[in-house]
Amino acid sequence: MVKRLNFEFYNNHALEVAPLLLGKILVRRFDDGKEIRLRITETEAYCGESDTACHAKAGRTNRTKPLYDKGGTVYVYLCYGIHNLINVVTGEKDDPQAVLIRGVEGFSGPGRLTRALSIDRSFNEDDFSTSHRIWIEDDGFVPKYKTTPRIGIDYATEPYKSAPWRFVLEGEAEK
DNA sequence: AAAGTGATCATG
DNA sequence: ATGATCACTTTG
């Protein structure tokens, strides 16, 4: 039984949604009707303005605006001038949390998976629960996973810097 | 180990 | 207008 994740799923706390997204299937549908499906293997949670690793730490800006939108909103931004990173906004509107999709089956690294799926900044502010070109499905797979601190956030301060908010599917390559 | 890359945000 | 800072990847 495959079902598309809906608003109700995304309307929860990032720390709850992040591990649940493991094992789910990221679907990218192209204009010609072709679809690519890849199982999500790695996620990270970013939790609000108090989380010094979260982009929303500096408050609402033009860039972070999608984080404040309702659960299920797509947040894509350019990192290091090269890579588009894709996040799933979670939680209530005006509560800036998101889950970064860091890896999918066959592609490890958040920049490589967006390149593989041709995801760019035009996807920003799309909606995972209604979009026709990007969504996530549940096929019943129950994830076994482990947690580690998040990657690439040396600029953050404790306790957020070492909070175990990275979620990796059991059996995936560890860094 | 280090560069490449460019939007974004805070300064002036 | 300029400069610092990056949720990374690749190359050596």
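Here is how names work: the chains are called A, B, and so on, in the same order as the sequence lines, proteins then strands, and each is numbered from 1. Values below: every heavy atom of this structure, side chains too, minus hydrogens, waters and symmetry copies.
Dashed line: the shortest gap from a side-chain N or O of A/His83 to OP1 or OP2 of C/dA7 is not under 4.0 Å. Side-chain N/O atoms of A/Arg121 include one lying less than 4.0 angstrom from OP1 or OP2 on B/dT8. The phosphate of B/dA3 (OP1 or OP2) has no side-chain N or O of A/Tyr80 nearer than 4.0 angstrom.
Salt bridge annotation for A/Asp31-A/Arg133: absent, with no cationic side-chain nitrogen under 4.0 angstrom from a carboxylate oxygen. Ion pairing between A/Glu170 and A/Lys144 fails under the 4.0 Å rule for side-chain N and carboxylate O.
Under the 3.5 Å distance criterion, with hydrogens and angles disregarded, no donor-acceptor pair is assigned to the side chains of A/Asn6 and A/Glu8.
Stacking of A/Tyr46 onto the six-membered ring of C/dA7 is present: less than 5.5 angstrom between centres, less than 30° between planes.
For the side-chain hydrogen bond (donor to acceptor under 3.5 Å, both in side chains) with A/Tyr75, the qualifying choice from A/Lys65, A/His55, A/Glu125 is A/His55, the only one to do so.
Here C/dC6 presents its C1' atom at 14 Å from CG of A/Asn87, a figure rounded to the nearest Å. C/dT10 atom P lies 10 Å from atom CD1 of A/Ile82, rounded to whole Å.
Comparing A/Leu78 and A/Ala58 by the nucleotide of DNA chain B whose heavy atom lies nearest to each, the residue mapping closer to the 5' end is A/Leu78.
Residue A/Arg150 is classed as having no contact, given no heavy-atom separation below 4.0 Å to the nucleic acid.
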